There are 2 protein chains.
Amino acid sequence: MAELRSSGVSESQGVLDRVEARLLVVDDEPNIRELLSASLRMSGFEVVTAADGREAVHFAERIRPDLVVLDVMLPDMDGFAVAGRLREMSEQMPVVFLTARDGTDDKVAGLRLADDYVTKPFSLEEVLARIRAVLRRTRGDLDLPTRLQVGDLELDEEAHQVWRSGVAVRLSPTEFKLLHYFMVNTGRVLSKAQILDHVWNYDFGGDAGVVESYVSYLRRKVDTAEPRLIHTLRGVGYVLRQPHSD
Amino acid sequence: MAELRSSGVSESQGVLDRVEARLLVVDDEPNIRELLSASLRMSGFEVVTAADGREAVHFAERIRPDLVVLDVMLPDMDGFAVAGRLREMSEQMPVVFLTARDGTDDKVAGLRLADDYVTKPFSLEEVLARIRAVLRRTRGDLDLPTRLQVGDLELDEEAHQVWRSGVAVRLSPTEFKLLHYFMVNTGRVLSKAQILDHVWNYDFGGDAGVVESYVSYLRRKVDTAEPRLIHTLRGVGYVLRQPHSD
DNA sequence: GGAAACGTTCAGCCATGGCTGAGCTACGTT
DNA sequence: AACGTAGCTCAGCCATGGCTGAACGTTTCC
């Protein structure tokens with residue numbers, strides 16, 4: 001399914017080329033597991049996967065991951081129970097939960113206080129952002145910037161705000177996610193398929209036309225002045241480029 | 001705190017500050033223990049947990065916490081007895097009690113001896129406020145501000161009072177807690193779920209609709225004039241922003 | 001014991017955002 | 001230069017989210 005679209009090679013978003021951290025991904029649906037692990041590996045993480053709670057605990061013991069991505073709904077045991085076991089073996093093992101967007105789930109109440117959680121269906125950008133945020137917190141990598149800058153464009157993740165030459169710009173949630181994806185991948189060509197896979201939820205059925213639309217919206221709000229930052233590579237994709245070094 | 005400034009946005013106070021103090025959390029219910037320790041860690045405390053009186057005394061001896069959060073009702077020994085033991089080993093060990101809200105008077109008598117207490121079910125904001133207040137008293141951290149200010153909005157925690165451009169405003173307890181939470185997290189987007197989890201009691205079953213209502217009340221009482229301070233980020237949450245950087 | 005304040009829910013309205021399809025423009029290939 | 005294709009933009013529809021006022025129940029304080 002979706003993963004086929006992003007067979008590209010140079011997808012590494014990593015600030016670092018080497019391993020950022022060791023992750024354990026736990027989900028019983030093979031599709032989700034593959035989707036996540038493939039794209040996390042692309043982003044520079046070392047990934048081990050488990051399909052149920054028993055496996056999760058087992059692998060966690062052996063590989064001592066830096067963080068666990070954990071589906072709440074598992075065939076054998078509750079995600080919280082797994083988290084409990086993990087915490088037993090290591091006081092501070094950070095967990096990012098995956099959960100259905102049910103709303104009425106009262107279990108979810110406790111979740112939000114956990115290290116973090118993402119609702120299904122998610123976009124890869126969302127998951128990556130959470131993981132990085134949690135790692136930043138738990139390791140005290142506080143100097144990793146929460147603010148991105150390209151040319152006179154600035155984006156603050158925490159404040160969820162964007163400035164162009166100092167003046168605040170209002171972006172819709174999707175516009176924001178798209179710009180964020182561009183900025184994290186400054187200087188890298190992104191195909192429409194890649195963008196679709198990362199910015200839109202994995203169950204989105206539509207075609208690449210949306211991407212064109214949203215790039216258009218973004219340009220209008222954020223890239224009207226010279227030098228232009230977002231460039232079209234006909235037949236290939238888009239790039240956000242630092243001015244100057246073009 | 002100074003070092004945080006370097007990351008640009010963080011308005012101090014917040015989630016990402018370095019270790020504020022070492023806490024020992026004692027409660028026999030795992031849920032409460034996890035709830036508290038997760039959110040205290042998020043707020044920058046170093047946390048160790050214990051499930052009963054024996055463990056509590058044991059850990060207190062070893063780690064010498066700066067403050068103990070102590071459930072009054074423990075399986076093996078009375079919370080007051082534990083507090084007694086703690087005081088034996090360190091004259092001035094501050095204790096914040098957790099107690100059921102059933103108001104039997106003899107318990108309250110004992111509570112007067114505590115530095116402070118919070119009744120269950122509590123909201124995280126309440127607990128955090130107590131802990132910070134006690135730490136401020138006992139170790140003279142007088143530089144921790146008791147008065148918060150954003151634009152022409154001022155809030156005094158000790159006096160439990162709020163002013164908008166100098167004129168006092170009457171807020172209900174919930175309104176006050178909500179505004180306090182906003183002000184402590186100035187510049188940070190807060191989802192309705194987060195707000196619900198921090199401002200409302202942990203056993204509150206309702207949905208995020210209440211948050212909308214209370215934001216509405218708050219705006220009416222406190223944010224009628226330009227420039228507006230409380231902003232809605234559709235589909236994301238709310239932010240309280242310093243004016244100017246609008 | 002009564003009145004006021006407070007907290008919660010709900011329903012209706014309004015605004016915003018997401019997506020699509022169609023027409024148009026720009027590109028670049030031959 | 002001309003054709004075909006890719007990309008851009010816009011308008012419009014639909015769904016969702018958010019705001020507010022009113023109603024109801026509960027607590028608090030005289």
Side-chain angles (χ1 to χ4, degrees), chain A residues 101-104 109 119 121-123 125-126 160 162 169-179 181-182 189-196 199-224 228 230-239, chain B residues 101-103 119 121-123 125-126 160 162 169-179 181 189-196 198-224 228 230-239:
Chain A
R101 180 164 4 236
D102 227 44
T104 53
T119 58
F122 48 76
S123 70
E125 272 300 280
E126 258 170 76
H160 223 268
V162 172
V169 181
R170 284 201 41 182
L171 297 184
S172 81
T174 306
E175 289 162 358
F176 186 87
K177 276 198 273 184
L178 177 58
L179 180 58
Y181 185 53
F182 271 126
V189 186
L190 304 171
S191 72
K192 287 182 235 181
Q194 267 176 299
I195 295 173
L196 213 45
V199 176
W200 271 261
N201 294 342
Y202 60 75
D203 66 344
F204 178 64
D207 70 338
V210 211
V211 178
E212 294 174 7
S213 286
Y214 273 87
V215 169
S216 166
Y217 300 152
L218 254 196
R219 293 214 244 236
R220 197 182 314 162
K221 288 190 180 178
V222 128
D223 202 23
T224 51
R228 297 296 155 89
I230 302 175
H231 303 267
T232 303
L233 303 191
R234 210 183 164 74
V236 183
Y238 302 94
V239 215
Chain B
R101 186 180 346 246
D102 55 28
T119 59
F122 48 76
S123 71
E125 273 299 281
E126 257 170 78
H160 218 268
V162 174
V169 181
R170 284 204 44 185
L171 297 185
S172 80
T174 306
E175 289 162 356
F176 184 86
K177 276 197 275 185
L178 177 58
L179 180 58
Y181 186 51
V189 187
L190 304 171
S191 71
K192 286 184 246 186
Q194 264 176 298
I195 295 173
L196 211 47
H198 279 83
V199 176
W200 270 261
N201 294 341
Y202 60 76
D203 66 343
F204 178 65
D207 71 337
V210 208
V211 178
E212 293 174 10
S213 287
Y214 272 86
V215 169
S216 170
Y217 300 152
L218 255 195
R219 293 213 244 236
R220 215 172 301 168
K221 288 191 180 178
V222 128
D223 201 23
T224 51
R228 298 295 156 89
I230 302 175
H231 303 265
T232 302
L233 303 191
R234 190 160 251 265
V236 182
Y238 302 93
V239 215

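Each chain gets a letter, A, B and so on, in the order its sequence line appears, and its residues count up from 1. Being a predicted model, the structure only gives us computed values, none of them experimental.
Per the geometry, OH belonging to Y214(A) stands 10 Å off C1' belonging to dT16(C), to the nearest Å. Atom CG of L190(B) and atom C1' of dG18(D) are 17 Å apart (whole Å). Taking atom CG of D207(B) as the reference point, atom C1' of dG7(C) lies 14 Å away to the nearest angstrom. In this structure, CD1 of I230(B) is placed 10 Å from P of dC19(D), rounded to the nearest angstrom. Between the CG atom of L196(B) and the P atom of dT9(C) there is a distance of 10 Å, rounded to whole Å. With rounding to whole Å, R228(A) atom CZ is found 15 Å from dA26(C) atom C1'. The nearest whole Å value for the distance from the CD atom in E175(A) to the C1' atom in dT16(C) is 11 Å. Separating the CG atom of L218(A) from the C1' atom of dG17(C) is a distance of 14 Å, rounded to the nearest angstrom.
In terms of modelled atom types and a separation under 3.5 Å, the side chain of D223(A) and the main chain of I230(A) share a donor-acceptor contact.
Across V189(B), V215(B), L233(B), a single residue satisfies side chain to side chain contact (heavy atoms under 4.5 Å, CB included) together with Y238(B), and that is V215(B).
Looking at every heavy atom in both residues, V222(B) comes nearest to V169(B) through CG2-CG1, 4.3 Å. The two residues V199(B) and K177(B) come nearest to each other via the heavy atoms O-NZ, 3.6 Å. Among all heavy-atom pairs drawn from S172(A) and K221(A), the shortest one is N-NZ, 4.2 Å. The minimum heavy-atom distance linking Q194(B) with Y181(B) is given by the pair O-OH, 3.9 Å.
Heavy-atom contacts from other residues, nucleotides or ligands closer than 6.0 Å to CZ of R219(B) number more than 12.
For G206(B) and R170(B), each mapped to the nucleotide of DNA chain C holding its nearest heavy atom, the one lying further toward the 5' end belongs to R170(B).
L171(A) contributes atom CG, which lies 6.5 Å from atom CG of L179(A) (distance to the nearest 0.5 angstrom).
In this structure, of dG7(C), dT8(C), dT20(D), it is dT20(D) that holds the atom nearest to the side chain of R220(B).
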What does the B/S/- profile of nucleotides 3-8 of chain D look like, 5' to 3', with a 4.0 Å heavy-atom cutoff to protein?
--BBSB
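Using a 4.5 Å heavy-atom threshold, the side chains of Y214(B) and I195(B) count as separate.
The phosphate of dT8(C) has neither OP1 nor OP2 within less than 4.0 Å of any side-chain N or O from S213(B). Between W200(B) and the phosphate of dG7(C), there is no side-chain N or O to OP1/OP2 separation shorter than 4.0 Å.
With axes fitted over five pairs at each extremity, the angle between the ends of the helix from dG1(C)-dC30(D) to dT30(C)-dA1(D) is 40° (10° resolution).
Counting any heavy atom pair closer than 4.0 Å across all strands shown, G209(A) reaches no nucleic acid atom.
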